[in-house]
Peer 1: 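This is the structure I want to talk about, given as structure tokens.
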Amino acid sequence: GKWQLAFSGLGFSASDQGATATGTGQIGGATFFAGDTLVSDLSYQSFDLTVSYRLAHRRSDLNSYGVPKAQGGIDLVGGLRFHHADFDVRVRPGVAPLVHTPSSADADELFAEPVIGLRGEAQFGRSFGIDVESLVGGFSTGDRTSVSFSIDAGFVYRPIHWVGLRIGYHLLVFDLHNGDGADEFNWRGSMAGLYWGAQLSF
């Protein structure tokens with residue numbers, strides 16, 4: 001019918017071999033000095049659970065198989081988005097470490113926010129489809145705030161009507177904040193790139 005339930009997600013991780021500090025500073029509870037080496041690891045995941053409702057739908061004439069040659073529609077989309085970020089920073093002293101100086105800092109944060117947006121979809125016969133979806137989300141309570149925006153454009157080839165091979169481009173921009181002072185977590189970033197995978201419909 002006009003309703004659709006969807007679940008999607010992405011993950012990213014990165015690490016570096018270390019960067020040499022040129023001055024004194026602090027990350028979380030870890031203090032570093034000029035000449036120290038900072039080694040960092042990052043892991044991030046985002047998941048969307050959405051429900052959509054078809055606002056408008058158009059279809060062309062049927063082909064010889066009784067399937068519309070082309071059809072498309074516009075959906076109103078709403079749901080929840082989850083962000084999980086895990087940072088780990090380790091300080092390797094360039095000189096003898098000071099007594100009681102923390103040598104590492106880490107953060108493991110989970111954010112949840114409602115999202116709303118639109119999706120446009122076009123399908124050609126039973127085999128080919130294209131869709132574009134854009135969502136914006138945000139939530140704030142006390143010192144915890146999250147804001148995000150995403151856009152996804154994808155192409156689908158369906159060798160079987162319920163199985164699709166998908167390739168597309170995804171952009172996600174976010175601003176995550178929690179706490180204040182030395183324990184404050186604040187990360188503004190974006191992730192974008194091509195992706196491919198399978199799509200199951202039922």
Side-chain angles (χ1 to χ4, degrees), residues 1-14 42-86 109-140 145-177 187-202:
K2 295 184 176 182
W3 293 93
Q4 184 181 82
L5 176 68
F7 176 77
S8 61
L10 63 89
F12 175 81
S13 62
L42 159 66
S43 176
Y44 171 77
Q45 299 85 35
S46 176
F47 301 97
D48 291 354
L49 179 62
T50 58
V51 176
S52 61
Y53 178 79
R54 177 131 302 185
L55 299 175
H57 185 80
R58 295 289 184 272
R59 64 175 59 189
S60 67
D61 297 333
L62 304 181
N63 59 22
S64 58
Y65 298 98
V67 177
K69 297 177 181 178
Q71 57 183 320
I74 297 176
D75 300 334
L76 176 65
V77 185
L80 289 174
R81 171 172 291 161
F82 300 89
H83 306 270
H84 176 248
D86 187 358
E109 299 286 345
L110 177 65
F111 297 84
E113 63 189 23
V115 293
I116 190 169
L118 293 173
R119 178 174 60 243
E121 183 180 56
Q123 184 171 326
F124 306 95
R126 285 183 175 176
S127 299
F128 295 95
I130 180 174
D131 58 78
V132 179
E133 178 182 276
S134 182
L135 299 174
V136 60
F139 187 73
S140 179
T145 301
S146 65
V147 179
S148 66
F149 167 80
S150 66
I151 186 166
D152 186 300
F155 299 88
V156 181
Y157 168 67
R158 298 183 180 89
I160 307 173
H161 72 278
W162 56 275
V163 176
L165 304 178
R166 183 178 179 88
I167 185 171
Y169 178 85
H170 187 83
L171 167 67
L172 174 63
V173 182
F174 50 83
D175 186 349
L176 309 176
H177 179 270
W187 185 28
R188 297 179 182 179
S190 63
M191 295 188 180
L194 295 173
Y195 68 90
W196 56 91
Q199 183 183 66
L200 304 178
S201 303
F202 54 89

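The chain is numbered in sequence order, starting from 1. Every value quoted in this text rests on a predicted model; they were computed, and no experiment measured them.
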Peer 1: My understanding is that only one of F149, Y44, F12 makes a ring pair (Phe, Tyr, Trp, His ring centres under 6.0 Å) with F174; could you say which?
Peer 2: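 It is Y44, the one option of F149, Y44, F12 that forms the ring pair (Phe, Tyr, Trp, His ring centres under 6.0 Å) with F174.
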Peer 1: Donor-acceptor check, side chain of S134 to backbone of S150, threshold 3.5 angstrom: yes or no?
Peer 2: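 Looks like yes, one N/O pair under 3.5 Å.
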Peer 1: Could you tell me whether the side chain of I151 reaches within less than 4.5 Å of the side chain of Y169, counting heavy atoms only?
Peer 2: no
Peer 1: Distance-only check: which donor-acceptor pairs under 3.5 Å involve side-chain atoms of residues 153-162, not counting sequence neighbours?
Peer 2:
none

Peer 1: Nearest 0.5 Å, what's the CG-CZ distance between L80 and F7?
Peer 2: 11.5 Å
Peer 1: Closest approach of S148 and L172, non-hydrogen atoms and distance?
Peer 2: CB-CD1, 4.3 Å
Peer 1: Surrounding CG of L76 (heavy atoms of other residues, nucleotides or ligands, distance under 6.0 Å), is the total greater than 12?
Peer 2: yes
Peer 1: Check whether any side-chain heavy atom of H57 sits under 4.5 Å from a side-chain heavy atom of K2, and report yes or no.
Peer 2: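 Sidechains of K2 and H57: no contact.
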Peer 1: What pairs meet the salt bridge (charged side-chain N to carboxylate O under 4.0 Å, His left out) rule with one or both residues in residues 43-52, with sequence neighbours excluded?
Peer 2: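 Every salt bridge (charged side-chain N to carboxylate O under 4.0 Å, His left out) pair that includes a residue of residues 43-52, provided the two are not neighbours, is D48-R81.
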Peer 1: So how far is it from H83 NE2 to E113 CD, rounded to the nearest 0.5 Å?
Peer 2: 3.5 Å
Peer 1: Can you confirm whether Y195 sits close enough to R166 that some side-chain heavy atom of one is under 4.5 Å from a side-chain heavy atom of the other?
Peer 2: yes
Peer 1: Is there side-chain contact between V136 and I116, with heavy atoms separated by less than 4.5 Å?
Peer 2: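 Sidechains of I116 and V136: in contact.
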Peer 1: In Å and rounded to the nearest 0.5 Å, what is the CG to CG distance from D86 to L42?
Peer 2: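 So the CG of D86 and the CG of L42 are separated by 8.5 Å.
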Peer 1: To the nearest 0.5 Å, what is the distance between NE2 (H177) and CH2 (W187)?
Peer 2: 15.0 Å
Peer 1: Could you give the distance from CZ (R119) to CD1 (I74), rounded to the nearest 0.5 Å?
Peer 2: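 Here the rounded value is 11.5 Å.
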Peer 1: With side-chain contact (heavy atoms from CB on, under 4.5 Å) as the criterion, how do L176 and E109 come out once you've worked through the C-alpha distance, each side chain's angles and the decisive distance to 0.1 Å?
Peer 2: CA-CA 9 Å; L176 309 176; E109 299 286 345; over 6 Å; no
Peer 1: Just how far is it from atom OG1 of T145 to atom CZ of F111, taken to the nearest 0.5 Å?
Peer 2: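 Answer for the OG1-CZ pair, T145 versus F111, is 8.5 Å.
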